[in-house]
Novice: 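The structure under discussion is supplied below as C-alpha cells; questions concerning it will follow.
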Amino acid sequence: MLILPILPNVPLWVDNPSMHLPDGFLSLPISLFCWLVTIALLIVAIQRTKIELGERQVPLMGIMAALIFAAQMINFPVAGGTSGHLLGGVLASVVLGPWAGMVVMATVIGVQGLLFQDGGLLVMGANILNMGLLSSLVGYGLYRTVLGQSRAVQIAVIGGAAWLSVMTGALATALQLWLSGTSPLTIVIPAMLGIHAFIGIGEAFITVAAITFIRQTRPDLLETGATTAQGGRGWMVGGLAVTALVLILSPWASADPDGLERVAEDWHFLARGISAPYQIFPDYTLPFLGETAFSTVMAGTVGAIVVAIVVMLMARLLQKLTKAPTVFNP
Amino acid sequence: MTLNINKLNFSYPDGHVALKNISLRIGRGEKVALVGPNGAGKSTLLLHLNGLLVGQGEVKINGFAVTKSNLPLIRAKVGLVFQNPDDQLFSPTVFEDVAFGPLHMGLSESETLTCVQRALSQVDMSHYADRMSYHLSIGEKKRISIATVLSMNPEILVLDEPSAGLDPRARRTLITLLRNLPLTMLVSTHDMLMVRENFPRMIIMDEGQVIADGATESLMNDIALLEAHGLERPFDVESKA
Amino acid sequence: MHPTLLDRYQLKNSSIHRLDPRLKVVVTIFFIISNVSLPDGAWGAFLLAWGVILSVSFMALLGISYTAKRAMIVLPFTLTAVTIIFTMPGNSLLTLPFGSYELTDAGLMRFVSIIIRSWLSLQMAILLTATTSFVDLMHALRCLYVPQTIIEIVSFMYRYLFVLTDETTRLLRARESRMAALPDRKGGGSLMWRARVAGHMVGQLFLRSYERADRVYNAMLARGYNSQLSHPVACPFMRSQDWTSGAVAVAILFLLQIVGRF
C-alpha cells in the first residue's frame, strides 16, 4: 500500500486493501489459471490497441495508466474516517475503449504489484483479471448496449456498470479465495460482496461524475473512444453474460453457499483435504485441468469471455468478407 | 494581529530542512510581499498558514492557533491561492468552482449565490458564471481561482506567484485587482515591479530563514542585499527620465 | 518539490545488487512458487526460507529488519483468511460459545501457514525491488520475453507517474484548502456532492493527461520517433557469478521443498 505524506502523520491509503491480493492467498493452480486467462486477453488487447491507436499507443497507454494510478488517490470522505475512491476500470474502458481500458488497468495493477508490492507477483494474473479485465468487459459491454439511448440512460448504465464491475471483481476474488482453500465459501462471498456493495457505490458516483465532466468539457472524446471499437455485439454479449452471472450467482451463493459447495463437490471440482499440499505435479493430472483447480463458475466466466471473443472475431470476419474494398485514405 | 508566526521550524520527510525559526507578524489590512530565490521555503511557509503542513512552532490566525482540530475553521479565515490555477478549478463551470467553498461551509443556496456573485464581481468576472473553467485563458483562470477563495470571505488572502505566466495585459488586470481588494494580503512572488507597486512591506526569505522584513522602498534600495539573495532590483524605465 | 512517492530502490553496491536482474526476477518468482507449494505446517521449511531472506537481505547491505518491517502490510489481509480457522475440517481444539464454530487444528495450521507464506513471499518481492533499479527490471523482463510494447508502456507510465501523482497531490491540497467550516454551521456538504466533486477532479485530471499525451506524442515525433525503428539493447550474457548464484538458488529451493515434505 502506498503511503503518501500529504499531511504529515496522516497516511493516505491509495486503494482498498481487500482486492489487491498478496501472494500466498491463492493456490498455485488458481494463480496459474488466472495468469493464463490474463495473458491471453492482454495479448489480444495489445494487438487491438496497436491497430486502433497506431504509434500513439505507447505514450497514450502509458500516460493514461499513470493517470488512473494517480486518480485512485482522489477520495471523498464518507463517514467516520472512511472514504470512497476510484478503481477506474469502467472509466477507462468507456472513454478509451475496452481493449485500451484493459491495457491501462493491467499496467496500473502490474506496476502496483511489481514496484510497490501492492498485490503479489504470482497472484498478479488474478488481480489484473479481477480489477482490470472483468471491469472492462462489464463496463464497456453494458455501455455499448445503451449507446443509442438518451444521455440520462447512458449515465445511469455507466453508474450501474461501475458498481457491477466492483461486485464482479469481488465475486471473482471470493471464488478464487474459496477454491484455493483460503477462506470458506459461507463467509467469504457474503463478506466480499457486502463490503464491495458499498465500495461500488463510491466507484459509481465518481465514475459518473468524471464522465459527466468529460462530456461537458470535451464531448468529442466520448464520441471517438467508445464507438470505434469493433465487434460491439461481442462486447455486449460478453458484458451482459457476466452481469447475469454475477447477479444470479451472488444472491444464490450468499443465500445458499452450501448449495454451491455441493455442486462443486459433485462435479469433483473442489479440493478438500486436511493437509492439502499444492503439489505441482500430483499423481494423476496437471493441476489446472484436474479436480483441484477448475470450477463451474470460473468456467462460466471464462466461457463468457471466450464466447465474446469468438463472436467478435466472427463479426470481424463477416465484415471483411462482406465489405467492398475501400479507397485507402492517407 | 491577523497573522502571528512564532519560531516555526519544518523539515520534509526526506530530511531537508525547509524552515528555520521563522517569526513574523502581519497586522490587519497590511499588504506584504514575500520574496526570495527558488528553494527559499516561501511555498513551504505558505502551506503552513492553513495547516496543509504542520511544523514545530506556532502559527496563529487572529489568535487561533493552527492545530489539527481547528483546521476547517482556520481555512475559513485563510484563503490560499496556489500558483497553478488548474489545481484549483475542478468543477465544470465557474459558478460551481466559486461555490465550492461556501457550500462546504454549510451556507444555504441563497447565501452561496450572494457570495459567488460578490466574489465574481470583485475579480471583475461577473458574466463568467456559466462558462467552463477548463476552456478559459490562464489570466481568466487566475482571477477565477482568486474568486473561489474570496467567496469564503477570508480574513487574509495568501497568494503563491499570482502573476507568473501572465501576459502584460492579464498581469496589469491582476495587479489592479489585488490593489483594490481591501483584504490583508501576503503574496509570494518574483515580480519585483508588482511588489513595488502594490506592497508597502517586503519580507526577504532565503534558505528557510527570514533575512529582512521592512518597508519595500528602503529594502529595494539595498542592492547588495537583494543580489545576495538571488533578487534583482526592478529596472524602472521611468526613473531614467 | 519534494517527492511524494518513495522509490523502493535502495542504491547500494552489494553482490546482490550486481547480480543479473533476470536471475533475480526468476529466483523471486520461483521462491514464491516454492512457498505456495509447501504444505501447511511445514515449519522447518518456513524457517529455512526466512533464513534465506535474512541472508540475502544481509548480503544486499540492507540490514536484517528491512524487509520484515515493510512486509507488515500483509497484516490487514489476515482478516481474509482468519475464518478458515473455524471452518476447515479437523480435530477440534476449541469451541466458540456462540454459533457452532469450532477452532480446528488443521484450520489453525492452514491460517498460520497462509500468513507465513504470504509474509515470506512479500519479503522476497521487496528484496527484488530494493536491489534492482526500475531500468534493470524492465531490461530483465524484456529479456525474459515480455513483449516490447508492454515494456515501453510500463516505462512511459513510470516516467509520468511522479508527474501525475504530484499534480494530484496539488489538486487534493487545493481542495483541502477550501474545505472550511464556520463555527456555527454544520458543513461538509452532502455525500453525493462530495462524490461529485471528487469525480470532477478525476475528470479534470483525465482530460489534462489525455491532452498531455498528445503533446508528448508530438514531441516524440519531432525527435524522429517511429515505433518501427526502436532497436532494443541486446540482452547480455549471464556471468559466472550469475550462474553460480542461480545454481545455489535452485539447490536451496529443492532443499526447501524436501524439508517441507518430510
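Every chain is numbered from 1 and lettered A, B, ... according to where its sequence line falls, protein lines coming before strand lines.
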Novice: Is it the case that the side chains of A/Gln117 and C/Thr129 hold a donor-acceptor pair, with the cut-off being a distance below 3.5 Å and no angle test?
Specialist: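 Yes, A/Gln117 and C/Thr129 have a side-chain donor paired with an acceptor closer than 3.5 Å.
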Novice: C/Trp119: which residues meet the ring-ring contact (aromatic ring centres under 6.0 Å, His included) condition with it, sequence neighbours left out?
Specialist: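 So C/Trp119 forms a ring-ring contact (aromatic ring centres under 6.0 Å, His included) with C/Trp50.
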Novice: Of the backbone (N, CA, C, O) and the side chain (C-beta and beyond), which part of A/Val103 lies under 4.5 Å from a heavy atom of chain C, both, or neither?
Specialist: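 A/Val103 touches chain C through side-chain heavy atoms alone.
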Novice: Just how far is it from atom CZ of C/Arg212 to atom CG of A/Leu60, taken to the nearest 0.5 Å?
Specialist: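 If we round to the nearest 0.5 Å, C/Arg212:CZ and A/Leu60:CG are 13.5 Å apart.
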Novice: Mind listing the closest non-hydrogen atom pair of C/Ala195 and A/Ala209 along with its distance?
Specialist: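 Taking every non-hydrogen atom into account, O-CB, 4.3 Å.
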Novice: Counting distance only, does the side-chain N/O of C/Arg194 pair as donor-acceptor with the main-chain N or O of A/Pro77 below 3.5 Å?
Specialist: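 Such a contact is found between C/Arg194 side chain and A/Pro77 backbone.
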Novice: Of the backbone (N, CA, C, O) and the side chain (C-beta and beyond), which part of A/Met64 lies under 4.5 Å from a heavy atom of chain C, both, or neither?
Specialist: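 Contact with chain C is through the side chain of A/Met64 alone.
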Novice: Counting heavy-atom pairs under 4.5 Å to chain A, which of C/Ile126, C/Val197, C/Val154, C/Asn35 comes out on top?
Specialist: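 Highest number of pairs under 4.5 Å: C/Ile126.
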Novice: Which atoms of A/Ile74 are under 4.5 Å from chain C, going by heavy atoms: the side chain, the backbone, both sets, or neither?
Specialist: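 Both backbone and side chain.
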Novice: Between A/Leu121, A/Leu115, A/Thr212, which has the largest tally of heavy atom pairs under 4.5 Å with chain C?
Specialist: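 Answer, by heavy-atom pair count under 4.5 Å with chain C: A/Leu115.
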Novice: side-chain contact (heavy atoms from CB on, under 4.5 Å) between A/Phe213 and C/Leu207: does it pass, once the steps are laid out?
Specialist: CA-CA 9 Å; A/Phe213 184 97; C/Leu207 286 182; 3.8 Å; yes
Novice: Counting only heavy atoms closer than 4.5 Å, note whether A/Leu26 contacts chain C via side chain, backbone, both or neither.
Specialist: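 A/Leu26 touches chain C through backbone heavy atoms alone.
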Novice: What part of C/Leu141 is in contact with chain A, defined as an atom under 4.5 angstrom from a non-hydrogen atom: side chain, backbone, both or neither?
Specialist: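 Just its side chain gets close to chain A.
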Novice: Measure the shortest side-chain to side-chain distance between C/Leu161 and A/Phe69 over non-hydrogen atoms and say whether it is less than 4.5 angstrom.
Specialist: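 Side chain of C/Leu161 against side chain of A/Phe69, heavy atoms only: contact under 4.5 Å found.
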Novice: Rounded to the nearest 0.5 Å, what separation is found between the CD1 atom of C/Ile32 and the OG atom of A/Ser31?
Specialist: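 It comes to 10.0 Å.
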Novice: Would you indicate whether the side-chain heavy atoms of A/Glu55 and C/Tyr217 approach each other to under 4.5 Å?
Specialist: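 In contact.
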Novice: Are the side chain of C/Arg110 and the backbone of A/Gly181 linked by a donor-acceptor contact shorter than 3.5 Å?
Specialist: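 Between the backbone of A/Gly181 and the side chain of C/Arg110 there is a qualifying donor-acceptor contact (under 3.5 Å).
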Novice: Under 4.5 Å heavy-atom distance to chain A, tell me which part of C/Glu211 shows up: side chain, backbone, both or neither.
Specialist: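 When you check distances to chain A, only side chain atoms of C/Glu211 fall under 4.5 Å.
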Novice: Work out which heavy atom in C/Ala198 is nearest to a heavy atom in A/Asn75; give both atom names and the distance.
Specialist: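 Looking at all heavy atoms of both residues, the closest pair is CB-O, 3.9 Å.
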Novice: Taking atom CZ of A/Phe25 and atom CD1 of C/Ile115, what is their separation to the nearest 0.5 Å?
Specialist: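 Rounded to the nearest 0.5 Å, the CZ-CD1 separation comes to 4.0 Å.
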Novice: How close do A/Ala70 and C/Leu205 get, heavy atom to heavy atom, and via which atoms?
Specialist: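 Reported closest heavy-atom pair: CB-CD2, 4.4 Å.
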Novice: Nearest heavy-atom pair of C/Glu152 and A/Val58: which atoms, and what distance?
Specialist: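 In terms of heavy atoms, the two residues are closest at OE1-CG2, 3.4 Å.
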Novice: Heavy-atom distances under 4.5 Å only: say whether A/Leu67 touches chain C with side chain, backbone, both or neither.
Specialist: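 Contact with chain C is through both the backbone and side chain of A/Leu67.
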Novice: Is the shortest side-chain heavy-atom distance between C/Val202 and A/Leu86 below 4.5 Å?
Specialist: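 A side-chain contact under 4.5 Å exists here.
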Novice: Tell me, do C/Ser37 and A/Leu28 make a side-chain contact under 4.5 Å, heavy atoms counted?
Specialist: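 The answer is yes; the side chains approach within 4.5 Å.
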Novice: Supply the atom-to-atom distance C/Phe206 CZ to A/Thr217 OG1, rounded to the nearest 0.5 angstrom.
Specialist: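 That separation rounds to 12.0 Å.
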Novice: Determine the minimum heavy-atom distance between C/Ala213 and A/Ile63, stating which atoms define it.
Specialist: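 Answer, listing the atom of C/Ala213 first, then A/Ile63: CA-CD1, 3.6 Å.
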Novice: When you compare the side chain of A/Met73 with that of C/Thr165, does any pair of heavy atoms fall below 4.5 Å?
Specialist: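 C/Thr165 vs A/Met73: side chains touch.
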Novice: So which part of C/Leu137 gets closer than 4.5 Å to some heavy atom of chain A, the side chain, the backbone, both or neither?
Specialist: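 When you check distances to chain A, only side chain atoms of C/Leu137 fall under 4.5 Å.
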Novice: For C/Leu164 versus A/Ala66, what's the shortest heavy-atom pair and its separation?
Specialist: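 That would be CD1-CB, 3.4 Å.
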Novice: Going by the rule ring-ring contact (aromatic ring centres under 6.0 Å, His included), which residues pair with C/Phe134 if we only count those two or more places apart in sequence or in a different chain?
Specialist: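 For C/Phe134, the residues satisfying ring-ring contact (aromatic ring centres under 6.0 Å, His included) (neighbours in sequence not counted) are C/Tyr158.
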Novice: For C/Gln204, which atoms come within 4.5 Å of any heavy atom of chain A: side chain, backbone, both, or neither?
Specialist: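 Contact with chain A involves both backbone and side-chain atoms of C/Gln204.
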Novice: Given a strict heavy-atom distance threshold of 4.5 Å, which part of C/Arg175 is in contact with chain A: side chain, backbone, both, or neither?
Specialist: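 It is the side chain, since no backbone atom gets that close.
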Novice: Using a 4.5 angstrom heavy-atom cutoff, name the option from A/Ile201, A/Val208, A/Leu114 with the most pairs to chain C.
Specialist: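 Of A/Ile201, A/Val208, A/Leu114, A/Leu114 has the most heavy-atom pairs under 4.5 Å with chain C.
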Novice: Give the member of C/Ile116, C/Leu120, C/Thr132, C/Ile153 that has the highest number of heavy-atom pairs under 4.5 Å with chain A.
Specialist: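 Of the candidates given, the most pairs with chain A belong to C/Ile153.
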Novice: Do the side chains of C/Met157 and A/Val104 get nearer than 4.5 Å, heavy atoms only?
Specialist: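 No, too far: nothing below the 4.5 Å cut-off.
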Novice: Do the non-hydrogen side-chain atoms of A/Phe76 and C/Leu191 ever get within less than 4.5 Å of each other?
Specialist: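 Side-chain contact under 4.5 Å: yes.
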Novice: If I take atom CE from residue C/Met220 and atom CZ from residue A/Arg56, how far apart are they, to the nearest 0.5 angstrom?
Specialist: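 Answer for the CE-CZ pair, C/Met220 versus A/Arg56, is 11.5 Å.
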Novice: What I'd like to find out is whether the side chain of C/Tyr210 reaches to under 4.5 Å of the side chain of A/Val95, using heavy atoms alone.
Specialist: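 Counting from C-beta outward, C/Tyr210 and A/Val95 never come under 4.5 Å.
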Novice: Is it the backbone or the side chain of C/Thr28 that comes under 4.5 Å from a heavy atom of chain A, or both, or neither?
Specialist: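 The side chain, not the backbone.
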Novice: Side chain, backbone, both or neither: which part of A/Val188 has a non-hydrogen atom closer than 4.5 Å to chain C?
Specialist: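 Answer is neither: A/Val188 stays 4.5 Å or more from chain C.
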